[in-house]
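To find a chain, count down the sequence lines: A is the first, B the second, and so on, and within it residues start at 1.
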Amino acid sequence: MHLFNTLSGQVEPLAPSDGATLRMYACGPTVYDYGHIGNFRTFLQVDVLRRFLRSQGIAVRHVMNVTDVDDKIIRNASAAGLAISDYTRKFEKAFFEDLDALQVEHPEVLARATEHIPAMVSLIERLAAQDIAYRAEDGSWYFRIARFPEYGKLSKKDFTGIADGARIDVDEYEKDSARDFALWKAPKPGEHRWDTPLGPGRPGWHIECSAMAMEYLGDSFDLHAGGEDLMFPHHENEIAQSESASHRIFSRHWFHVRFLLVEGRKMSKSEGNFYTLRDLLLRGYKPSAIRMLLISVPYRQQLNFTFEGLAAETVAVERLRTFRDRIEKTHWPQRPDAGDGLAVSDVAAAARESKARFTAALADDLNTAEARAAIFEMVRFVNARADAGALFESDKADVLDALRHFDRVFAVLDDHDAEWTRFTLNWAEREGRLQEAAPEVLATRDLSDAQIQALVDERSQAKRTRNFARADQIRNDLAAKGILIEDSKDGVRWRRK
RNA sequence: GCACCGAUGGCGAAGUGGCUAACGCGCUGGUCUGCAAAACCAGUAUUCGCGGGUUCAAUUCCCGCUCGGUGCUCCA
């Protein structure tokens, strides 16, 4: 496949350099709060990448870090009167629950910063041995940027002005250059600290990722991913640290996912358009629709997240699910003129073409918009043939195969939505946040499937006796609680809206 | 302020130097239905932010402008 590489500024082939396994590192969450939809756009796009690679038969070794110590965590934990690990554990757990709700595959390796302090220390020691890392008067360690001439090659910034190492003491600490960044931070009074050969303190953010990536993937690996904001300084610093230590190319390929807008504006707490995944689930939006929306706009485009768009994706996902059900569960007629049995029907041909177009679109820099268009075109065509009585049992395999292929990457066809909504409501109840749930969502919660089925059956009975007033009453009551009843030739079906 | 990215129908968006500008939603009409809803089908941009240029030909390339976003500081 081909993928844009931030480092070269070009779309380039991507393949495992060892010919077997694609080794990739993706910056994970800092677990100080619940994840928001912006976070998840990045994780979802990385998921699309790894799912597509795997669907193409490429093995993936994906390492993701969890930053479970940083300034914010230390501040919040002490404000809550908790040990750092007690504070972060809750949000780390919530993060993985959110990934599960969104059908995001877990990485092969999960690396917590606090469990890799020795690797970070030894990396800093390697740099210190070359005088690239130096200790400041307060006990913090810094990276000497003037010693890495390529600094800026990822973010395309020009730092030649500071390469002379002119001493600029604008900081509270004694750095040799204002641009030099912290590798190891001396502890402040009362702060959690690790006692190491470097002295007491805690790791800087950037050294974390370098140390853990190199520990699990080697000095040099295939791909490094993250949100666009991480390009500078985080990833630039990772490159500087790692390549200074190893004298090898750190990551060959850099994958950056663009930020999203919410209702046309930057998402921020002050704008009032800041949403965690859980906020949306409490409002009754489905995880499948959120996944579909966040995936459908190619990763290099800014995505405008709107509630109208989310509602649209809910319908789009439902249409695909209905289509699969229809194809799978209907007993289609045998083809009348099977003839030589070699000719490919127009339906089968359309399905194969759709599958090929889908794969080609994703192979072309992960064009998810084009890929899903290929599937929807097949859906429309096959539905039309089915309505015309020209869909046959022998076409089924190709159509379902194309859908399976689609869903290995998009992962929206299997319906886990109600399950996650219920999970989120239970969580909200424990957290005392149930009042944030939409009334319709709460109403549905108290209705078990059996109760709904009983009402649906009662309505069918009422219809049979032509008691339409009672039938309509039940239908309206259920609708008010978010339950939709659908009558079809094959019987009555209901679902949670 | 400096640097970079984007601007396509009501909304979200794909795409291309010339063929009918994908796809989803919405809307309108139809099929189905006791009526609805759902489901399905069909129709729905003489036009790609504005101005100029290059070209036989530009939405697509170049320049300027306007607007939106991002980085330069924590941020997915």
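The partner of B/C4 is B/G69, by the rule that a Watson-Crick or G-U pair needs both atom distances under 3.5 Å. Across all strands shown, B/A39 forms a Watson-Crick or G-U wobble pair with B/U31, both key distances being under 3.5 Å. In a base pair of the Watson-Crick type (N1 to N3 plus N6-O4 or O6-N4) or a G-U wobble (N1-O2 and O6-N3), with each distance short of 3.5 Å, B/C61 is matched with B/G53. With a cut-off of 3.5 Å on both Watson-Crick or G-U wobble distances, the partner of B/A76 is given as none. Across the strands present, B/G26 finds its partner in B/U44; the criterion is a Watson-Crick or G-U wobble pair with both atom distances under 3.5 angstrom.
Among the nucleotides B/G34, B/G69, B/A22, the one closest to any side-chain atom of A/Arg466 is B/G34. Of the candidates B/A76, B/G69, B/G12, B/G12 carries the atom nearest the A/Leu293 side chain, counting heavy atoms from C-beta on. Distances were taken from every side-chain heavy atom of A/Arg459 (C-beta onward) to each of B/U70, B/A76, B/G34; the shortest belongs to B/G34. Distance from the side chain of A/Leu303 is smallest for B/A13 among the nucleotides B/A76, B/A13, B/G68. Of the candidates B/A76, B/G6, B/C72, B/G6 carries the atom nearest the A/Gln301 side chain, counting heavy atoms from C-beta on. Checking B/G24, B/A38, B/A76 against the side-chain heavy atoms of A/Tyr32 singles out B/A76 as nearest. The A/Arg357 side chain lies nearest to B/A22 when the options are B/A22, B/G69, B/A76. Checked against B/G24, B/A39, B/A14, the side chain of A/Ala369 finds its nearest nucleotide in B/A14. Nearest to the side-chain atoms of A/Thr306 among the listed nucleotides B/G69, B/C11, B/A14 stands B/C11. Looking at the side chain of A/Ala471, the nearest of the listed nucleotides B/A39, B/G69, B/G34 is B/G34.
Within the nucleic acid shown, A/Pro29 has no heavy atom closer than 4.0 Å to any nucleic acid atom. Within 4.0 Å (heavy atoms only), A/Ala312 reaches sugar-phosphate atoms of the nucleic acid but no base atom. Heavy atoms of A/Val257 sit nowhere under 4.0 angstrom from any nucleic acid atom. The residue A/Gly226 sits close only to the backbone: its heavy atoms come under 4.0 Å of sugar-phosphate atoms, none of a base. Counting any heavy atom pair closer than 4.0 Å across all strands shown, A/His36 reaches a base atom. Within 4.0 Å (heavy atoms only), A/Lys156 reaches no atom of the nucleic acid at all. When heavy atoms are screened at a 4.0 angstrom cut-off, A/Phe468 is found touching base atoms of the nucleic acid. Within the 4.0 angstrom heavy-atom criterion, only backbone atoms of the sugar-phosphate kind lie near A/Gly227; the bases stay farther away. Residue-level contact check: A/Leu260 touches the bases, meaning some heavy atom is under 4.0 Å from a base atom.
Residue A/Phe406 contributes atom CZ, which lies 12 Å from atom C1' of B/C23 at whole-angstrom precision. Computed from coordinates, the A/Asp229 CG to B/C72 C1' distance equals 14 Å when rounded to whole Å.
The pair A/Asp487-A/Arg459 meets the salt-bridge criterion, with a side-chain N (NZ, NE, NH1 or NH2) lying under 4.0 Å from an Asp/Glu carboxylate O. Classification of A/Glu313 and A/Arg291 as a salt-bridged pair fails, no side-chain N sitting under 4.0 Å from a carboxylate O. A salt bridge links A/Glu393 to A/Lys396: one of the charged nitrogens lies within less than 4.0 Å of a carboxylate oxygen. Residues A/Asp70 and A/Lys185 are not paired through a salt bridge, judged by the lack of any N-O separation under 4.0 Å between the basic side chain and the carboxylate. Remark: A/Asp415 does not engage A/Arg495 in a salt bridge, criterion side-chain N to carboxylate O under 4.0 Å.
Between A/Arg179 and B/U73 there is a side-chain polar atom (N or O) within less than 4.0 angstrom of OP1 or OP2. Residue A/Asn304 places none of its side-chain N or O atoms closer than 4.0 Å to OP1 or OP2 of B/C11. Within the 4.0 Å cut-off from OP1 or OP2 of B/G34, not a single side-chain nitrogen or oxygen of A/Lys463 is found. Within the structure, a side-chain polar atom (N or O) of A/Arg319 is placed less than 4.0 Å from OP1 or OP2 of B/G24.
Screening A/Trp184, A/Phe181, A/Phe143 for a ring pair (Phe, Tyr, Trp, His ring centres under 6.0 Å) involving A/His206 leaves a single residue, A/Phe181. With respect to A/Tyr285, the ring pair (Phe, Tyr, Trp, His ring centres under 6.0 Å) criterion is satisfied by exactly one of A/Tyr275, A/Phe307, A/Phe305: A/Phe307.
Place A/Arg380 and A/Phe305 on RNA chain B by their nearest nucleotides, and A/Phe305 ends up nearer the 5' end. Of the two residues contacting RNA chain B, namely A/Glu377 and A/Asn383, the nearest-nucleotide position lying further toward the 5' end is that of A/Glu377.
Counting only N and O atoms by type, the side chains of A/Asn467 and A/Thr465 include no donor and acceptor under 3.5 Å apart.
For the C1' atoms, the distance linking B/G10 with B/U44 amounts to 11 Å, nearest Å. The same atom, C1', is picked in B/G15 and in B/A45; the two are 15 Å apart, to the nearest Å. Comparing the same atom, P, in B/U70 and in B/A13 gives a spacing of 15 Å after rounding to whole Å. Between B/U8 and B/C50, the distance separating the two C1' atoms is 15 Å to the nearest Å. Of the C1' atoms belonging to B/G49 and B/C5, the separation is 16 Å, rounded to the nearest Å. B/A37 and B/A21 are spaced 34 Å apart, taking the C1' atom of each and rounding to whole Å. Distance noted for atom C1' between B/C67 and B/G29: 38 Å (whole Å). On the P atoms, B/G1 is 45 Å away from B/U20, given to the nearest whole Å.
Geometrically, A/Arg300 engages A/Phe4 in a cation-pi contact, judged by NZ or CZ lying under 6.0 Å from the ring centre and within 45° of the ring axis.
In the interface, the side chain of A/Asp487 is not paired with the base of B/A37 through any donor and acceptor atom under 3.5 Å apart. No hydrogens or angles were tested; on distance alone, a donor-acceptor pair under 3.5 Å links the side chain of A/Arg475 to the base of B/C35. No hydrogens or angles were tested; on distance alone, a donor-acceptor pair under 3.5 Å links the side chain of A/Asp472 to the base of B/G34.
Stacking here means ring centres nearer than 5.5 Å and ring planes tilted less than 30 degrees, and by that measure A/Phe259 stacks onto B/A76. Here A/Phe40 does not pack flat against the base of B/A76, since the 5.5 angstrom centre distance and 30 degree tilt limits are not both met.
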